[in-house]
Amino acid sequence: WLLSALSILAGAEGDGNTYIEDLFLRQFRKGAPYENKKNHLSKAPPNTDYFVLKFFRADKDEWEHVVVDDLVPAALPLGGKSNVDSVVKVASQGGKSVYGHSREPETWVMQIEKAYAKWLRSSSGFDALNLGLVTEALIALTGGASQELNLRSTEIQAKARSGKLW
């Protein structure tokens, strides 16, 4: 559902950029200082990038900012071993991200997914992304509204054929 919403928005234009580019407010590179929730300056660990993303909370009618680092849960390659408890121990050919990833060397899907899981404020972390609705994600990603249409309705079908629906 979240990946479906991201694929819908991947090429769509937002405020001068794509909707995806508009989600990323700021990036901090390699240990640069950033302001945390308590308005104190914090410093990122060396060799770690941080991203600030925004999501729309419809019940409060406001955008909320989320700060995430560039580390994502990764699966071990087949036969791989780890002494680190935070590494998810599942088999994969290349040790790729356990969740969403791209064939290209891009990280935006993983960063948005990580930030969205954090934004949901669930104690289950990434597992909170297992259930959801595409419309909820589209609202959170764009700040727009959603409406359900009965595609079996003759009125809606007529609008779709005429091009007025789109």
Side-chain angles (χ1 to χ4, degrees), residues 1-37 42-78 80 82 84-146 148:
W1 62 277
L2 179 59
L3 295 178
S4 296
L6 290 175
S7 68
I8 290 168
L9 298 176
E13 292 294 319
D15 296 332
N17 299 311
T18 65
Y19 280 106
I20 300 299
E21 291 169 331
D22 287 342
L23 291 175
F24 287 86
L25 299 176
R26 195 142 183 223
Q27 180 177 1
F28 300 93
R29 295 219 173 251
K30 309 297 181 217
Y34 68 93
E35 199 169 302
N36 64 21
K37 284 184 180 179
S42 296
K43 192 168 182 182
N47 300 320
T48 303
D49 291 347
Y50 277 76
F51 301 90
V52 180
L53 290 91
K54 67 176 183 175
F55 300 107
F56 187 75
R57 186 145 327 258
D59 58 340
K60 295 182 179 177
D61 196 29
E62 66 184 23
W63 289 95
E64 294 180 343
H65 299 175
V66 177
V67 178
V68 292
D69 58 33
D70 63 349
L71 306 174
V72 294
L76 293 173
L78 288 173
S82 173
V84 181
D85 291 334
S86 62
V87 175
V88 179
K89 297 177 181 172
V90 295
S92 102
Q93 290 295 335
K96 295 183 179 184
S97 168
V98 174
Y99 298 96
H101 56 274
S102 172
R103 290 185 200 141
E104 303 298 323
E106 300 173 335
T107 62
W108 64 269
V109 171
M110 294 178 279
Q111 300 308 327
I112 293 172
E113 204 171 34
K114 181 175 182 173
Y116 200 87
K118 183 177 179 180
W119 178 73
L120 289 174
R121 297 182 178 108
S122 170
S123 60
S124 60
F126 277 87
D127 287 341
L129 299 178
N130 288 337
L131 297 171
L133 299 172
V134 175
T135 54
E136 289 175 359
L138 287 171
I139 291 168
L141 298 170
T142 65
S146 75
E148 289 188 27

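Contact of the Thr18 side chain with the Leu9 side chain is not registered, since no non-hydrogen atoms from C-beta on lie closer than 4.5 Å. Put simply, the side chain of Leu6 does not reach to within 4.5 Å of the side chain of Glu113, judged on heavy atoms. At a threshold of 4.5 Å between non-hydrogen side-chain atoms, the residues Phe24 and Val52 do not count as touching. For the pair Ile20/Leu141, no side-chain contact is recorded, criterion being any heavy-atom separation below 4.5 Å from C-beta on. For the pair Asp70/Thr107, no side-chain contact is recorded, criterion being any heavy-atom separation below 4.5 Å from C-beta on.
Checked for salt-bridge contact, Arg57 and Glu64 meet the test: a charged N lies under 4.0 Å from a carboxylate O.
Taking CG of Leu131 as the reference point, atom CG of Leu2 lies at 12.5 Å (rounded to 0.5 Å). Atoms CD1 and CG, on Ile139 and Leu133 in that order, are 9.5 Å from each other to the nearest 0.5 Å. Taking CE from Met110 and CZ from Phe51, the interatomic distance works out to 9.5 Å, rounded to the nearest 0.5 Å. Going from atom CG of Leu120 over to atom CG of Asp127 covers 12.0 Å, rounded to the nearest 0.5 Å.
Taking every heavy atom of both residues into account, Asp69 and Gln111 meet most closely at O-OE1, 3.1 Å. What you find for Ala128 and Trp1 is that their closest heavy atoms are O-CZ2, 4.3 Å. Considering all non-hydrogen atoms of both residues, Leu25 and His65 come closest at CD1-NE2, 3.3 Å. Looking at every heavy atom in both residues, Leu129 comes nearest to Tyr116 through CD2-CD2, 3.7 Å.
Not a single donor-acceptor pair under 3.5 Å links the side chain of Trp119 to the backbone N or O of Leu53. A distance-only check finds no donor-acceptor pair linking the side chain of Lys118 to the backbone of Val66 [under 3.5 Å].
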Where do Asp61 and Phe56 land on the side-chain contact (heavy atoms from CB on, under 4.5 Å) test, with the steps shown first?
CA-CA 7 Å; Asp61 196 29; Phe56 187 75; 3.1 Å; yes
Asp22 vs Lys54, test: salt bridge (charged side-chain N to carboxylate O under 4.0 Å, His left out). Steps then yes/no.
CA-CA 8 Å; Asp22 287 342; Lys54 67 176 183 175; 6.0 Å; no
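Ring-centre distance between Tyr19 and Trp108: not below the 6.0 Å cut-off.
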